[in-house]
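Everything on this sheet refers to the single structure shown next.
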Amino acid sequence: MAITYDAIVAGARCAGAPTAMLLARQGYRVLLVDRATFPSDTLSTLVIHAPGVAALERWGLLPRVLASGCPPIERYSFDFGPVRLAGRPRPCGDVATAYAPRRHVLDKILVDAAAATGVEVREGFDIEEVVFEDGAAVGIRGRERGAPRVEERARVVVGADGRNSRIAESVGAPRYREKGRLQQAYYSFWRDLPTQDLETVIRPYRGWGVIPTGDGLTLVVLGWPYAESEAYKADIEGNFLKTLELVPEFAQRVRQAERVEPFRGGAVVNVLRKPYGPGWALVGDAGYTKDPITAQGISDAFRDAELCSGALAESLRGAAPFEDAMAGYHRARDARALPIYEFTAQIATLEPPPPEMQQLIGAVAGNQAAMDAFASVVAGTLSASEFFDPANLERVLGAPAPA
């Protein structure tokens, strides 16, 4: 059967739609499929940190996101109990602001942008299997709802279908640095719970985040260690509200607000997958998943969409062999992902910080430059490896860093 598309992208949300769009902008014929229809919601902490906002600006899509009315987030605050930090992250280029649009808004913008670029979009499409020939992925089989089964072929199949990726499973993408599930988190939305910051509260074995989004709503997401997930799930609302009492003034803010949606949530496996192989590639959560406590998912998806589409285009136009181009994508992704992956996994255990970390947090408090730098790590504008470099820690601590 003749090749029909240059690329088939499975999954049309924050990783897949931009990957398809960027390939189409370079003249490639792309099929984008998703089992969902748009607009629709999905589990998400919503935050787009400054690097992701900068990507939207490069793509010409930021005005559409801003038009949705989600407020800017310019400051990040961290309540560790005895110590509180608050800082403004360093910019990414000329962008220093985060936003947290609802996913039914953001994903629709991305899908429409892909379609406007010439991508063929099929919503409500269920992939039943990946097609292989001589050990390489060459297409997919599936069907739109109520329609006959079809087979579509392409030079490459891209899995952008989330942390439970069928594409990743079908191609047997190798997993590494796996840390399992670390916390069980649930969230909902409240009206009349104002906040201008991206607020993070950490207590021993408990933690929550407060995120302003559109329509005057605020998302509150709260986690327990995964080992206690069954106890948490036994009474989600009761345990959620009881945990907020660890900070009575915040619990009072929540009692005065109105919850407007049901609780949603779950737990994710922290894992990296090799993001390419014969005839296939992975992007976004399909290739790399970490706990949402640092809210990196959307910004990571945008970054990977640019890296992956660039590498695929290099291969498709014959500028480099597929293996060489995609190995470069793999190296670039991991170089940027691994420091924040390890940092996120440490926080997501919700264990009390070790003495040396407590010393560091205490030294950062009140030092505005250091607090801005700490906020920048979470925002993705400063690498965790740079912040925790011994030379930087010595500057913050005013003495040689702990061994």
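Numbers for residues simply follow the sequence, beginning at 1.
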Handout entry: Pair Thr243-Trp224, side-chain donor/acceptor within less than 3.5 Å
Key = yes
Handout entry: Expected output: side-chain His49 to main-chain Thr294 donor-acceptor under 3.5 Å
Key = yes
Handout entry: Cationic N near anionic O, under 4.0 Å, Arg122 to Glu152
Key = yes
Practice task
Examine distances only and state if a side-chain atom of Asn270 and a backbone atom of Gly180 form a donor-acceptor pair shorter than 3.5 Å.
Solution key: yes
Exercise for the section: List the steps and the verdict of side-chain contact (heavy atoms from CB on, under 4.5 Å) for Glu178 and Val269. Expected result: CA-CA 8 Å; Glu178 189 165 354; Val269 173; 3.6 Å; yes
Exercise for the section: Give a yes or no answer on whether the side chain of Asp34 reaches the backbone of Ala12 with a donor-acceptor pair at less than 3.5 Å. Expected result: yes
Handout entry: Closest non-hydrogen atom pair, Gly159 against Ala286
Key = O-CB, 3.4 Å
Exercise for the section: Kindly state whether the ring of Tyr187 and the ring of Trp208 have centres lying under 6.0 angstrom apart. Expected result: no
Practice task
Grab the two heavy atoms, one from Ala20 and one from Val119, that are nearest each other, plus how far apart they are.
Solution key: O-CG2, 3.4 Å
Practice task
Could you grab the distance from atom CG of Leu244 to atom CZ of Arg206, nearest 0.5 Å is fine?
Solution key: 11.5 Å
Handout entry: Asp79 with Arg84: basic N within carboxylate O range, under 4.0 Å
Key = yes
Problem - Salt bridge flag under 4.0 Å for residues Arg88 and Asp372 - result: no
Exercise for the section: Examine Tyr76 together with Phe374 and report whether their ring centres are nearer than 6.0 Å. Expected result: no
Handout entry: Atom NZ of Lys242 with >12 non-hydrogen neighbours under 6.0 angstrom
Key = no
Practice task
Find out whether Val268 and Pro292 are in side-chain contact, i.e. whether some heavy atom of one side chain is under 4.5 Å from a heavy atom of the other.
Solution key: yes
Exercise for the section: Before giving the answer on side chain to side chain donor-acceptor pair (under 3.5 Å), spell out for Tyr205 and Glu228 the whole-Å C-alpha distance, their side-chain angles and the decisive distance to 0.1 Å. Expected result: CA-CA 10 Å; Tyr205 306 108; Glu228 299 183 57; over 6 Å; no
Problem - Donor + acceptor pair across side chains of Arg13, Ser40 (<3.5 Å) - result: yes
Problem - Test: Asp304 and Arg333 ion pair at under 4.0 Å - result: no
Exercise for the section: Return the minimal non-hydrogen interatomic distance between Val30 and Leu23, and the atom names on each side. Expected result: CG2-CB, 3.8 Å
Exercise for the section: Report yes or no: does Asp324 contribute a side-chain atom to a donor-acceptor pair with the main-chain N or O of Ala320 at less than 3.5 Å? Expected result: no
Exercise for the section: Drop me the distance from Thr97's OG1 to Ile73's CD1, to the nearest 0.5 angstrom. Expected result: 9.5 Å
Handout entry: Exercise: identify the closest heavy-atom pair between Val283 and Ala305
Key = CG2-N, 3.6 Å
Problem - Closest heavy-atom pair and its distance - Phe302, Gly52 - result: CD1-O, 3.5 Å
Exercise for the section: Say whether, by atom type as modelled, one donor and one acceptor occur between the side chain of Asp389 and the main chain of Ala391 under 3.5 angstrom. Expected result: yes
Practice task
Determine the minimum heavy-atom distance between Leu43 and Gly265, stating which atoms define it.
Solution key: CD2-N, 3.8 Å
Handout entry: Working for salt bridge (charged side-chain N to carboxylate O under 4.0 Å, His left out), residues Glu351 and Arg203
Key = CA-CA 8 Å; Glu351 294 177 355; Arg203 294 293 185 271; over 6 Å; no
Completion exercise
side chain to side chain donor-acceptor pair (under 3.5 Å) test vs Asp334 passes for just one of Tyr176, Tyr288, Tyr329, namely Tyr176
Exercise for the section: Could you tell me the separation between the CD atom of Glu261 and the CZ atom of Arg259, rounded to the nearest 0.5 Å? Expected result: 10.0 Å
Handout entry: Any side-chain donor near an acceptor of the partner, Ser44 and Thr42, under 3.5 Å
Key = no
Exercise for the section: Could you tell me the separation between the OG atom of Ser165 and the CG atom of Leu282, rounded to the nearest 0.5 Å? Expected result: 5.5 Å
Problem - SB check Arg255 Glu245 (cutoff 4.0 Å) - result: yes
Exercise for the section: Could you check Arg29 against Asp6 for salt bridge (charged side-chain N to carboxylate O under 4.0 Å, His left out), going step by step and ending with a plain yes or no? Expected result: CA-CA 5 Å; Arg29 189 176 182 201; Asp6 293 303; over 6 Å; no
Practice task
Answer yes when Arg35 and Glu123 have at least one side-chain N-carboxylate O distance shorter than 4.0 Å, and no when they do not.
Solution key: no
Problem - Test log, rule side-chain contact (heavy atoms from CB on, under 4.5 Å), inputs Val364 and Phe387 - result: CA-CA 11 Å; Val364 168; Phe387 181 82; 4.3 Å; yes
Exercise for the section: Tell me yes or no: between the side chains of Thr195 and Thr218, is some donor less than 3.5 Å from an acceptor? Expected result: no
Problem - Short N-O contact, Glu169 and Arg166, less than 4.0 angstrom - result: no
Problem - Validation row: Ile48, Pro101 side chains within 4.5 angstrom (heavy atoms) - result: yes
Handout entry: Straight-line distance of Leu222 CG to Phe263 CZ, nearest 0.5 Å
Key = 9.0 Å
Problem - Steps toward side-chain contact (heavy atoms from CB on, under 4.5 Å) verdict (Ile293, Ile202) - result: CA-CA 10 Å; Ile293 197 166; Ile202 301 292; 4.3 Å; yes
Practice task
Decide, yes or no, whether a salt bridge links Arg25 with Glu306 under the criterion of side-chain N to carboxylate O below 4.0 Å.
Solution key: no
Practice task
Measure the acute angle between the ring planes of Phe343 and Phe388, then classify it against the limits of 30° and 60° as parallel, tilted or perpendicular.
Solution key: tilted
Handout entry: Ion pair check, Arg264 and Asp41, cut-off under 4.0 Å
Key = yes
Exercise for the section: With the side chain counted from C-beta on, respond yes when Arg103 and Cys14 share a heavy-atom pair under 4.5 Å apart, and no when they do not. Expected result: yes
Handout entry: Centroid-centroid under 6.0 Å between Tyr232 and Tyr186 rings
Key = yes
Handout entry: side-chain contact (heavy atoms from CB on, under 4.5 Å) evaluation trace for Leu307 with Arg336
Key = CA-CA 11 Å; Leu307 291 173; Arg336 301 184 191 188; 4.1 Å; yes
Handout entry: Spacing of OG1 belonging to Thr37 relative to NZ belonging to Lys108, to within rounding of 0.5 Å
Key = 9.0 Å
Exercise for the section: Ignoring hydrogens and angles, state whether a donor on the side chain of Gln296 or Tyr341 is under 3.5 Å from an acceptor on the partner side chain. Expected result: no
Problem - No-hydrogen, no-angle side-chain donor-acceptor test under 3.5 Å, Tyr5 and Glu120 - result: yes
Problem - Carboxylate-amine/guanidinium contact Arg141 Glu128, below 4.0 Å - result: no
Practice task
Ignoring hydrogens and angles, tell me if any N or O in the side chain of Asp300 forms a donor-acceptor pair with the backbone of Ala337 under 3.5 Å.
Solution key: no
Exercise for the section: Would you mind checking if Lys179 and Glu342 are paired as a salt bridge, meaning a charged N to carboxylate O distance below 4.0 Å? Expected result: yes
Handout entry: Neighbour count above 12 (heavy atom, 6.0 Å) for Asp215 CG
Key = no
Practice task
State whether a side-chain donor-acceptor pair under 3.5 Å links Arg102 with Thr213.
Solution key: no
Exercise for the section: Any chance you could lay out the side chain to side chain donor-acceptor pair (under 3.5 Å) test for Thr19 and Ser309, step after step, and finish with the verdict? Expected result: CA-CA 6 Å; Thr19 300; Ser309 63; 5.8 Å; no
Practice task
May I ask you to decide whether Arg149 forms a salt bridge with Glu129, counting only side-chain N to carboxylate O separations under 4.0 Å?
Solution key: yes
